[in-house]
2 protein chains.
Amino acid sequence: MIGKVAQRRETKVATIVAAAWDLARANGIGGLSLHSLARAVGMRQPSLYEYFDSKHALYDEMFADGNRQLLARLDALTLSPDPRAALKTYMRTFVDFALEDPARCALLFQRPIPGFEPSAESYAYAARALDGAVDRLHAAGIEDPSDVDCCIALVGGLIEAQMSNEPNGDRWTRHLDRLIDMYVDNFSKSQLSPAKSSRRKRQ
Amino acid sequence: MIGKVAQRRETKVATIVAAAWDLARANGIGGLSLHSLARAVGMRQPSLYEYFDSKHALYDEMFADGNRQLLARLDALTLSPDPRAALKTYMRTFVDFALEDPARCALLFQRPIPGFEPSAESYAYAARALDGAVDRLHAAGIEDPSDVDCCIALVGGLIEAQMSNEPNGDRWTRHLDRLIDMYVDNFSKSQLSPAKSSRRKRQ
DNA sequence: GTCTATACATCGATAGAC
DNA sequence: GTCTATCGATGTATAGAC
């Protein structure tokens, strides 16, 4: 059981982290300052040190929080029994999540803060989300680690291109399903899904 | 004809830009300060304003310079008459260029400096390099603009994954040729290259 | 064209009163 | 637990002497 004091503290930390995301959305993840964050939650800047040992500790909390948001989204999915369809849904969820908040995307999937590395505890959340993608790829017959790497990189490429060039459009991301089809058709070992065309052998 | 004074000035600007790249490599593109840059070329910080109106103007000069480096590399290529081989060589050159200097890659291909947008003159260099890639894709039979977009995004995804996770390795980039083969096999309209397998029709 | 000096702002972090 | 006050560092940019 958690004491009321500790619980109140947790709530306050959550409030601060939520406000930090608001500011990051407005000014970029790198433009987040403790001064403005404190004012946003009705405090002065030094008071934040009651809740975070340093700015990096705040970033770490945000990193964990963002990944928990992603996991919640992924865990809530009802995936098709068809592995290929499940893979598409999983990846689409990933893409949508990444694009709906550039600042969050930057903190979670890039290294935008010099000197900041997530703690092992926080990184574990990120690893879980990635493991889910690997599982869906395996189920769809993508078993070679290289093929897994490349498929995830391909999805990352779509996200990056979309966000850099047209943050609110779908010029790149609308091709996600088609590219997954191509990829699975070419590299799936088991062909669990109905193949509508022949596939190309690995050399 | 350019006067000696203007020429000397150009040389000095080039020296400063070269030193700026050195510092960016050492401290990150965002960690570049005018103070340290000035000291690196034997000046004091205010003197730099004789050559650049602002820090953004310096970034713009670096942006143009980096893209000129890339264009020089691409223009020096002797491309195979086989369009598919030419495409691979072009993209490989692009990938190698991006990976050999993360700071340069960040300035040229991402938006790492809040508020900095390259000028139209500087951006024209970048556009030329990208146009070359589009031409090579067209020659290889990738004509649909969507397919062109996706292939470039795919290459970008390999670069991003490689640089984020393993800057000096080739876990992702070694699959460049194989992915290009897959892509051309699936999406080429003209099949100029010998196709070793059937291809998948677009829906 | 380069310098010294400085204005002016922002930031993270700490000390210590309450 | 929150505050005021402040330290110390860094940063861009400008004024004005030489």
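The model shown is predicted, which means the values in this text are computed figures rather than measured ones. To find a chain, count down the sequence lines: A is the first, B the second, and so on, and within it residues start at 1.
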Enquirer: Under 4.0 angstrom, heavy atoms only, what part of the nucleic acid is Ser33(A) near: base, sugar-phosphate, or nothing?
Expert: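 Sugar-phosphate: the residue Ser33(A), judged by heavy atoms under 4.0 Å, touches backbone atoms but no base.
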Enquirer: Students often get this wrong, so: under 4.0 angstrom with heavy atoms, is Gly31(A) touching a base, only sugar-phosphate, or nothing?
Expert: nothing
Enquirer: Contact class for Gly42(A) vs. all strands (heavy atom < 4.0 Å): base, sugar-phosphate, or nothing?
Expert: sugar-phosphate
Enquirer: Let me know, please, whether Ser36(A) or Pro46(A) comes out on the 5' side of the other along DNA chain C by nearest nucleotide.
Expert: Ser36(A)
Enquirer: In whole angstrom, what separates Tyr49(A)'s OH from dA13(C)'s P?
Expert: 3 Å
Enquirer: Quick one: is dC3(C) close enough that its OP1 or OP2 comes under 4.0 Å of any side-chain N or O from Ser47(B)?
Expert: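 Yes, within the criterion.
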Enquirer: In terms of side-chain heavy atoms of Arg44(A), which of dC3(D), dA13(D), dG1(C) is nearest?
Expert: dC3(D)
Enquirer: I need the CD-C1' distance between Gln45(A) and dA13(C), as an integer number of Å.
Expert: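 In whole Å, dA13(C) C1' lies 7 Å from Gln45(A) CD.
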Enquirer: For Leu32(A), which contact category applies under a 4.0 Å heavy-atom criterion: base, sugar-phosphate, or nothing?
Expert: sugar-phosphate
Enquirer: Please work out whether the ring planes of Phe63(B) and Phe116(B) are parallel, tilted or perpendicular, with thresholds of 30° and 60°.
Expert: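 Rings of Phe63(B) and Phe116(B): perpendicular, over 60°.
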Enquirer: Just call it for Arg8(B): base, sugar-phosphate, or nothing, with non-hydrogen atoms closer than 4.0 Å on any strand.
Expert: nothing
Enquirer: For Tyr51(A), report the nucleic acid contact type (base, sugar-phosphate, nothing); a contact means any heavy atom under 4.0 Å.
Expert: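 Contact class for Tyr51(A): sugar-phosphate only.
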Enquirer: Is the closest side-chain donor-acceptor distance between Trp21(B) and Asp65(B) under 3.5 Å?
Expert: yes
Enquirer: Looking only at the side chains, is there a donor atom on one of Arg68(B) and Tyr125(B) sitting less than 3.5 Å from an acceptor on the other?
Expert: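 A donor-acceptor contact under 3.5 Å links the two side chains.
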Enquirer: I'd like to know if the side chain of Gln45(B) pairs up with that of Arg39(B) as donor and acceptor (distance under 3.5 Å, no hydrogens or angles considered).
Expert: no
Enquirer: How is Leu48(B) classified with respect to the nucleic acid when contacts are heavy atoms under 4.0 Å: base, sugar-phosphate, or nothing?
Expert: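 No contact.
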